[in-house]
Amino acid sequence: MNTILIVAEKEFRDGMRNRWVMAISICFALLALGLAYFGASASGIVGFTSLSTTIISLASLAIFLIPLIALLLAYDSIVGEDEQGTLLLLLTYPLQRHELLIGKFMGHAGIMAASTCIGFGIAALLIAIMTGELFDFNLWRAFGLFILTATLLGWVFIAMAYVTSVIVVEKSRAAGVSLLLWFWFVLIFDLLMLGQLVLTKGASGGDWLPYLLLLNPTDVFRLINLAGFEAARQYTGLAHLSDSGALFNPYILSFILLIWIITPLSIAVWRFNTRRV
Amino acid sequence: MNKVIEIQQVSKLYDDFKALDDISIDLYEGEILGLLGHNGAGKTTSMKLILGIIEASQGDIKLFNESPLGPQANNLRKQLGYLPENVSFYSQLTGREVLEYFCKLKKASLKETDRLLEQLGLAYAADRRVKTYSKGMRQRLGLAQALLGKPRLLLLDEPTAGLDPVATSDFYTNLAELRMQGTTILISSHVLPGIEKHIDRAAILGKGQLLACGSLDELRKATKLPLTLHVRGEWPDTDWQQQLTGLDVDFQHLNGKRLELFAPLERKMDIMRILTADPSVSDIDVISPTLESIYNYYNRIPS
């Protein structure tokens with residue numbers, strides 16, 4: 001069997017054994033069900049709201065949660081093996097460093113993909129049954145896109161965690177750096193964008209701001225999922241952003257997420273090859 | 001005899017720190033070499049160089065006549081087994097799963113995992129998670145891992161550190177079996193008692209330098225460390241000074257009934273004849289210089 005696949009399989013099995021897959025799946029499912037059930041309570045209605053409304057609130061919450069889970073899952077991938085001594089051992093085996101790293105990434109990516117599909121998938125099925133949207137295929141397309149991009153977003157942050165894990169020498173430091181990454185991409189970046197708009201009273205940025213958002217993978221995810229819905233456009237003020245031309249269709253945006261995965265992963269491979277063991 | 005490892009005038013620098021300074025050691029097929037030294041003497045660095053994980057700053061290393069960093073590296077790696085000093089395996093996986101993972105990575109036959117688990121007495125715990133294993137069991141799992149693919153060369157870094165006496169003795173029993181099968185073994189240790197009867201030659205490292213290398217007999221001769229004799233008996237009228245003149249013996253009376261002698265190795269039989277001829281002597285204990293005293297001797301020489 002191919003070396004990369006051997007490593008990936010072991011990593012995935014470790015994730016199952018650690019109950020990562022189960023924990024994340026349950027977390028996602030409860031979140032989706034909770035949002036669907038209580039989401040409309042602000043307007044005085046208790047009960048399942050439609051799947052399309054749920055996706056919008058789910059996407060907003062996923063932006064906070066998925067990067068955090070992905071970073072938590074993978075921050076110790078390399079530095080952890082280094083600390084327990086297995087990295088030194090593995091490097092005496094007939095395998096290349098990049099094979100080890102890519103294999104481990106694939107394992108973690110598999111854990112993320114499985115949890116996202118299982119967690120959100122089961123929840124969506126339940127909601128659709130309750131609200132009678134089971135045969136609305138447009139809706140399923142939108143939800144499929146949500147699950148796909150949520151998985152991609154997870155992979156982006158797993159790849160970033162790998163860069164951290166490869167560069168630092170201590171596990172605790174890897175955790176710290178990961179938390180900073182989360183703060184930057186999830187909170188600070190958007191605050192800076194917003195601040196800029198407020199300070200200039202919206203006079204600048206109308207043309208280049210959308211492109212700036214591509215520098216943050218969480219915003220790319222937001223653009224794909226929120227701009228896709230008519231209701232969300234008006235609600236979230238993303239309307240004129242998504243009008244900015246052909247660039248902002250889901251396929252191109254998904255491709256940009258892919259770039260956001262490949263770039264950090266390549267940096268991780270490069271740095272791993274020069275890491276001192 | 002074939003050289004398995006050939007280390008020629010190798011130095012390794014980490015920034016300004018000289019971890020190894022001009023080391024030359026050869027290891028021949030079928031022998032067990034003990035790499036002895038204090039913590040930080042360069043034992044692990046030497047192993048990493050042999051394994052091709054790091055590159056020598058100067059000098060030349062050959063493994064089965066090939067460079068461990070050359071194009072044959074992957075082939076060489078299938079022929080060697082390594083047990084690192086501190087390794088804790090994936091605690092959530094079972095012993096069998098851990099061994100199967102390493103087995104697949106080494107491209108060895110999966111049948112070997114069962115054989116090795118049996119051989120090292122882990123078969124009964126094979127399907128338990130590694131986190132439930134004792135230190136001794138973990139170390140045996142580590143050895144099982146090193147033995148995957150029937151390696152021609154084994155590198156064991158402090159394999160008995162932290163093991164209790166029974167586990168240590170079990171470990172050496174396993175090693176003796178491997179030696180019978182002709183495996184070449186390099187074993188590093190800073191725990192000296194107990195290792196001497198298991199090694200053919202010892203290489204003593206100190207502060208990155210090779211202080212001595214040779215068989216125990218060779219080292220004993222080279223260090224000229226004295227033999228110690230403990231003599232017991234009743235000798236109210238004997239003048240030992242006079243009896244033992246000309247034999248380069250130092251002695252001291254521990255009390256009226258016990259005598260401690262220090263003598264050069266080559267005088268052993270002469271002294272024994274004199275002592276055994278005296279009817280007042282009831283018991284003689286002969287203590288050859290131990291590996292520990294040889295080690296201490298070399299580490300005390302100011303460099």
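Throughout, protein chains are lettered first and strands after them, A, B, ... in sequence-line order, and every chain is numbered starting at 1.
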>> Using heavy-atom distances under 4.5 Å, tell me whether B/T44 contacts chain A through its side chain, its backbone, both, or neither.
In response: neither
>> Please classify the contact of B/L76 with chain A as side chain, backbone, both or neither, using a heavy-atom distance under 4.5 Å.
In response: neither
> Nearest heavy-atom pair of A/D14 and B/Q92: which atoms, and what distance?
Replying inline: OD1-CB, 3.7 Å
>> Counting only non-hydrogen atoms closer than 4.5 Å, does A/E99 touch chain B with its backbone (N, CA, C, O), its side chain (CB onward), both, or neither?
In response: neither
> Considering only heavy atoms from C-beta outward, does the side chain of A/R13 approach that of B/Y101 to under 4.5 Å?
Replying inline: no
>> Show the nearest heavy-atom pair for residues B/N74 and A/L95, with the distance to one decimal.
In response: OD1-N, 4.0 Å
> Which pair of non-hydrogen atoms, one from B/P84 and one from A/G85, has the smallest distance, and what is that distance?
Replying inline: CG-O, 4.3 Å
>> For the CZ atom on A/F255, are there more than 12 heavy atoms of other groups (residues, nucleotides or ligands in this structure) within a distance under 6.0 Å?
In response: no
>> Surrounding CE of B/M137 (heavy atoms of other residues, nucleotides or ligands, distance under 6.0 Å), is the total greater than 12?
In response: yes
> Out of curiosity, A/T92 OG1 to B/L80 CG, how far, rounded to the nearest 0.5 Å?
Replying inline: 7.0 Å
> When rounded to the nearest 0.5 angstrom, what is the spacing between CG in A/L89 and CG in B/D157?
Replying inline: 11.5 Å
> What's the shortest heavy-atom distance between B/S88 and A/T86, and which atoms?
Replying inline: O-CG2, 3.9 Å
>> Within a 6.0 Å radius of atom CD on B/E177, are there more than 12 heavy atoms belonging to other residues, nucleotides or ligands?
In response: yes
>> Can you confirm whether A/E9 sits close enough to B/K104 that some side-chain heavy atom of one is under 4.5 Å from a side-chain heavy atom of the other?
In response: yes
>> Working to the nearest 0.5 angstrom, can you tell me the gap between B/L51 CG and A/L91 CG?
In response: 10.0 Å
>> More than 12 heavy atoms of other residues, nucleotides or ligands under 6.0 Å from CZ of A/R173: yes or no?
In response: no
> Quick one: what part of A/E81 sits under 4.5 Å from any heavy atom of chain B, side chain, backbone, both or neither?
Replying inline: side chain
>> Between B/K48 and A/V277 (side chain of the first, backbone of the second, donor and acceptor by atom type, cut-off under 3.5 Å), is there such a pair?
In response: yes
> If you look at every heavy atom in A/T3 and B/K107, which pair is closest and at what distance?
Replying inline: OG1-NZ, 3.1 Å
> Given a strict heavy-atom distance threshold of 4.5 Å, which part of B/E85 is in contact with chain A: side chain, backbone, both, or neither?
Replying inline: neither
> So which of B/Q145, B/K78, B/R77, B/K106 actually passes side chain to side chain donor-acceptor pair (under 3.5 Å) with A/Y93?
Replying inline: B/Q145
> Would you find more than 12 non-hydrogen atoms of other residues, nucleotides or ligands less than 6.0 Å from B/R115 atom CZ?
Replying inline: yes
> Any side-chain heavy atom of B/Y90 within less than 4.5 Å of one from A/R17?
Replying inline: no
>> What part of B/L93 gets within 4.5 angstrom of chain A, counting heavy atoms only: side chain, backbone, both, or neither?
In response: both
